[in-house]
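Heads up, the thing below is written out as structure tokens.
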There are 2 protein chains.
Amino acid sequence: MHSLVCKKEVSIISDKICKRDQLLTAVIDLVAEKGYNGVSTKEIAATAGVNEVTLFRQFGNKQNLLETAFHHFHYADEMTKLFQDKITGDLHTDLLLISRSYQEIMYRNRKVMQIALKEHHIFAGFQEKANKHPKKLLELLTQYFDKMLNQGKLIETNTNTQALSFMWMNYGAFISNMYESESSFPSTTMEQFILESAVTFTRALTP
Amino acid sequence: MHSLVCKKEVSIISDKICKRDQLLTAVIDLVAEKGYNGVSTKEIAATAGVNEVTLFRQFGNKQNLLETAFHHFHYADEMTKLFQDKITGDLHTDLLLISRSYQEIMYRNRKVMQIALKEHHIFAGFQEKANKHPKKLLELLTQYFDKMLNQGKLIETNTNTQALSFMWMNYGAFISNMYESESSFPSTTMEQFILESAVTFTRALTP
DNA sequence: ATAGCATGCAAGTGCTTACTTGCATTCATG
DNA sequence: CATGAATGCAAGTAAGCACTTGCATGCTAT
């Protein structure tokens, strides 16, 4: 028993993905760019290369299409694994890893993030879901700082605020680069920032 | 020869501001909340307490109303004055001042910033104008770091990247607090962040 | 071969939107 | 008092919106 969707993916015309997925992709792309009220079902269908009626037969209505797509494309859980697997105990190495992973994951989620940011007045749940993983990461980073503090590898400081500062710095960087094109990511500016900011926080927090 | 607008502000009913200003306020509030395509001219007029026709007679069309309001409410030039007037040469004091001023100005501009962020696909010029002052601030901060470096008050580092990190950190903090209500600003979290982050960067950058 | 399902196409429904028009009302100013 | 500008009100227009219906077509699986 395998997934019911997209039986045609393995069909004769192999490069043709199924209509359902084409619609999900189209709605994310268009809503991220123009906003929910700025794009019509007609336009979504045309972008997906299907008839508008197919959209309604598959998803019932516009809102449900977007909600389905949002949940479908929202990657998750990668940040938690990070802390289980790859943390070394060396502050500089770890901050670098966290920064880089965060930027990569957020960039991959960028369209979903744009939608959550733009449409939170219509889809209250989006914002919450989009912030779930960054919030978890903040929590894990605070715990990490606490552990380092106990081992004498960190100065006396408010670990929660330090974690928040580090995450906000990365969040600001992400937002500023959110509209960069796929091909130019990560930009040299972003790469420089990641390297330099890890050094900065390491110097500031090392006893 | 004084301003042509709002003669009625000084009228008998003194607390009643003129229709034009009521419309400008309403469109900023509503578009910031619901997006340009999420709010109708009817709704804007109703919020402003005027007839919908008055909106069109005063501003011609919806787009012009928003553009006029955007430029009307976009505060400016305060960041530049900061560096001319209040810089002391003590790193910690200055970073604290910059952070606090930035947050205050951005919060005052928050509705305009929300619009620029949401509607940049429709109003290309908004994003540019909204980012003009933060960009100027980044430039000034870099110059400040350069000067401190020359005076031996800063470690050898890429001053531009350091300035960018500091500004991105504050930008991330601003975005996260953008939707906080007037009464609760600045939150205790934000205040803590401003204090702590100034200390962090001072420790990281002081020789 | 046949039944069933997904899809395309054309047309249409009812609603909302931005924007207009004509006329009556108010009101400060000459 | 008279004039003119700003506003309100009611009605209307043309277009676009989400969404529906009926029917024809083609592909899949039994």
Side-chain angles (χ1 to χ4, degrees), chain A residues 1-27 30-31 33-69 119 121-123, chain B residues 1-27 30-31 33-69 119 121-123:
Chain A
M1 154 183 146
H2 63 289
S3 169
L4 288 176
V5 298
C6 283
K7 284 178 273 190
K8 286 195 185 172
E9 271 183 23
V10 287
S11 181
I12 303 133
I13 311 154
S14 63
D15 65 340
K16 180 193 173 192
I17 57 170
C18 88
K19 321 259 175 187
R20 191 188 153 85
D21 283 6
Q22 286 173 280
L23 280 166
L24 292 175
T25 304
V27 74
L30 289 173
V31 173
E33 190 195 337
K34 306 182 180 186
Y36 182 76
N37 291 309
V39 60
S40 66
T41 51
K42 198 174 185 172
E43 195 181 353
I44 295 165
T47 302
V50 306
N51 195 284
E52 190 185 0
V53 185
T54 304
L55 185 160
F56 289 104
R57 281 199 272 244
Q58 290 257 7
F59 297 96
N61 56 51
K62 187 184 174 184
Q63 177 149 350
N64 184 248
L65 168 61
L66 179 59
E67 279 172 9
T68 305
E119 313 296 341
H121 62 290
I122 305 180
F123 305 92
Chain B
M1 155 180 147
H2 63 289
S3 170
L4 290 176
V5 299
C6 281
K7 285 179 274 192
K8 285 193 182 172
E9 269 184 23
V10 287
S11 180
I12 303 132
I13 311 153
S14 62
D15 66 338
K16 181 194 173 191
I17 56 170
C18 86
K19 321 257 175 187
R20 190 186 154 86
D21 283 8
Q22 285 172 282
L23 280 166
L24 292 175
T25 304
V27 74
L30 289 172
V31 173
E33 190 194 338
K34 306 183 180 184
Y36 182 74
N37 291 308
V39 60
S40 66
T41 51
K42 198 175 184 173
E43 196 180 352
I44 295 165
T47 303
V50 306
N51 195 285
E52 191 186 359
V53 186
T54 304
L55 186 159
F56 289 104
R57 281 199 271 244
Q58 289 258 6
F59 297 96
N61 57 50
K62 188 184 174 185
Q63 177 149 349
N64 183 246
L65 168 62
L66 179 58
E67 280 171 10
T68 306
E119 313 297 341
H121 62 290
I122 306 180
F123 306 91

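Residue numbers start from 1 in every chain, and the chains themselves are labelled A, B, ... in the order their sequence lines are given, proteins ahead of strands. Only a predicted model underlies this, so the values are computations on that prediction, with no experimental measurement involved.
- Residue A/E52 comes nearest to A/A45 through the heavy atom pair CA-CB, 3.5 Å, listed as atom of the first residue, atom of the second, then distance.
- For the pair A/K34 NZ and D/dG16 P, the computed distance is 14 Å after rounding to whole Å.
- Contacts between residues 50-64 of chain B and DNA chain D, defined by a heavy-atom separation below 4.0 Å, involve B/V50, B/N51, B/V53, B/T54, B/R57, B/Q58, listed by number.
- When all heavy atoms of B/K62 and B/N37 are compared, the closest pair comes out as NZ-CA, 4.5 Å.
- Taking all atoms of both residues into account, the shortest heavy-atom contact from A/N64 to A/F59 is OD1-O, 3.0 Å.
- The distance from atom CZ of A/R20 to atom CG of A/L55, rounded to the nearest 0.5 Å, is 11.0 Å.
- Distance B/L23 CG to C/dC19 P: 14 Å, rounded to the nearest Å.
- With values rounded to the nearest 0.5 angstrom, A/L30 atom CG is found 11.5 Å from A/T41 atom OG1.
- Within residues 40-47 of chain B, the residues having any heavy atom under 4.0 Å from DNA chain C are, by residue number, B/S40, B/T41.
- Side chain of A/E119 to backbone of A/Y36: a donor-acceptor contact under 3.5 angstrom is found.
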Query - Verdict with reasoning, B/T47 to B/V39, per side-chain contact (heavy atoms from CB on, under 4.5 Å) - result: CA-CA 11 Å; B/T47 303; B/V39 60; over 6 Å; no
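- Of all non-hydrogen atoms in A/V27 and A/I44, the two that sit nearest each other are CG2-CD1, 3.8 Å.
- Computed from coordinates, the A/N37 CG to C/dT16 P distance equals 14 Å when rounded to whole Å.
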